[in-house]
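Whatever order the structure lists them in is the order used to number ligands and atoms, beginning at 1.
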Amino acid sequence: MKLMALPAFSDNYLWLWQQDQLAVVVDPGDAQPVLKALSDHGLTLQAILVTHHHPDHVGGVRELHDITGAEVYGPAREDLPSPFTPVMHGDQLDLLGQTVDVLDVPGHTAGHVAFVLPNAPKSPVLFCGDTLFSGGCGRIFEGTPAQMLASMDCLATLPAETQVCSAHEYTLSNLRFACAVEPHNTALQAYSAHCQQLRAEGKPTLPAKLGTELQINPFLRARHPDVRHAVARHAGLSANEQNDDVAVFAALREWKNNFK
Ligand SMILES: [Zn+2]
Ligand SMILES: [Zn+2]
């Protein structure tokens with residue numbers, strides 16, 4: 001099994017998962033990079049997985065489906081521009097010989113789903129769209145902070161060695177914010193240096209390791225005293241609000257929204 005991050009637009013990755021001469025693509029916002037990869041590597045597309053309805057994730061779905069006949073699986077609670085098989089939390093697919101678990105992770109959009117390959121050969125693989133990024137999380141467009149926090153909690157229960165395949169290369173700007181929240185986090189400093197090196201070499205910072213994210217990503221660490229205190233100080237939270245996990249998470253997300 002092989003994972004490829006196909007760059008698209010300014011900072012998207014279209015994840016192509018390959019087994020022998022078969023492939024599955026996740027969130028093909030553009031068909032062209034996928035068609036090129038299929039032809040370059042002599043692959044047949046078996047399935048298209050969609051995490052949420054935003055155009056940069058679904059823009060190439062219809063063309064890829066029409067050309068390859070690959071089956072499309074997408075979030076049951078969202079509308080997509082082409083026909084698809086709806087999936088929701090607890091559903092299990094069998095693709096390219098792998099079990100694929102579906103998780104509901106609302107917040108960025110109301111019906112956002114994630115796909116997990118728990119038995120992938122080296123370590124589990126997570127395709128999380130715009131819910132979890134390395135060092136950050138998606139903006140809350142349709143859901144609530146409580147939903148996004150619950151989605152973070154859900155993803156945090158996956159094994160530490162899980163490979164996190166996010167849909168955007170936002171890592172360095174996320175880490176600048178993370179360092180503002182936790183300036184004394186040494187794991188975060190080491191990881192930032194590592195990612196800066198990767199980007200300087202023109203390499204993706206993804207997949208990230210979930211275990212690393214739990215040490216450095218403020219949105220997975222919103223209950224950590226250091227994060228909680230930094231948010232309380234920045235947002236001027238009352239003592240009651242400081243003890244409210246959702247209020248802290250909402251203020252953390254708001255801080256990031258306005259962070260330059
Ligand atoms: Zn999105
Ligand atoms: Zn996106």
Side-chain angles (χ1 to χ4, degrees), residues 3-17 24-34 37 48-64 72-82 84 86-89 102-116 125-152 154-155 163-177 195 199 204-208 213 217 219-220 249-250 252-254 256-259:
L3 278 175
M4 274 187 269
L6 308 177
F9 310 117
S10 57
D11 50 34
N12 284 70
Y13 290 129
L14 318 182
W15 288 97
L16 196 77
W17 145 36
V24 171
V25 70
V26 185
D27 287 351
D30 185 1
Q32 287 315 310
V34 181
I48 299 167
L49 302 179
V50 176
T51 63
H52 68 294
H53 67 84
H54 284 159
D56 61 313
H57 297 252
V58 301
V61 170
R62 181 177 285 275
E63 186 180 349
L64 281 175
V72 184
Y73 299 91
R77 292 183 292 136
E78 297 196 353
D79 290 326
L80 302 186
S82 51
F84 65 102
V87 294
M88 60 170 73
H89 202 89
V102 181
L103 304 176
D104 279 344
V105 286
H108 177 68
T109 61
H112 200 303
V113 296
F115 300 93
V116 182
V125 175
L126 166 67
F127 298 111
C128 50
D130 287 355
T131 296
L132 180 65
F133 298 119
S134 184
C137 77
R139 277 185 187 250
I140 300 172
F141 286 124
E142 297 172 8
T144 64
Q147 282 179 324
M148 190 57 120
L149 177 59
S151 296
M152 293 295 110
C154 168
L155 297 179
Q163 304 183 69
V164 179
C165 300
S166 312
H168 292 270
E169 179 63 65
Y170 289 159
T171 309
L172 292 189
S173 73
N174 285 338
L175 293 178
R176 276 198 306 111
F177 173 70
C195 290
R199 294 307 289 152
T205 58
L206 300 167
E213 292 303 311
N217 188 325
F219 295 94
L220 289 170
F249 188 84
L252 177 66
R253 186 56 254 184
E254 188 62 25
K256 173 71 166 73
N257 291 349
N258 299 307
F259 186 77

With side chains defined as the heavy atoms from C-beta onward, is the minimum distance between H108 and H52 less than 4.5 Å?
yes

Can you list the protein N, O or S atoms less than 2.8 Å from the Zn ion (ligand 2)?
D56 OD2, H57 NE2, D130 OD2, H168 NE2

I'd like to check the ring-ring contact (aromatic ring centres under 6.0 Å, His included) partners of H53; sequence neighbours left out, ordered by chain and number.
none

Does the side chain of M88 reach to within under 4.5 Å of the side chain of V113, using non-hydrogen atoms?
no

Just wondering, do D27 and W15 contact through their side chains at under 4.5 Å, heavy atoms?
no

Decide yes or no on ring-ring contact (aromatic ring centres under 6.0 Å, His included) for H168 and H57, but give the supporting numbers first.
CA-CA 10 Å; H168 292 270; H57 297 252; 5.6 Å; yes

Please give the atom name: the N, O or S atom of H108 nearest to the Zn ion (ligand 1).
NE2

Taking E169 for the side chain and Y13 for the main chain, is one N or O donor matched with an acceptor at less than 3.5 Å?
no

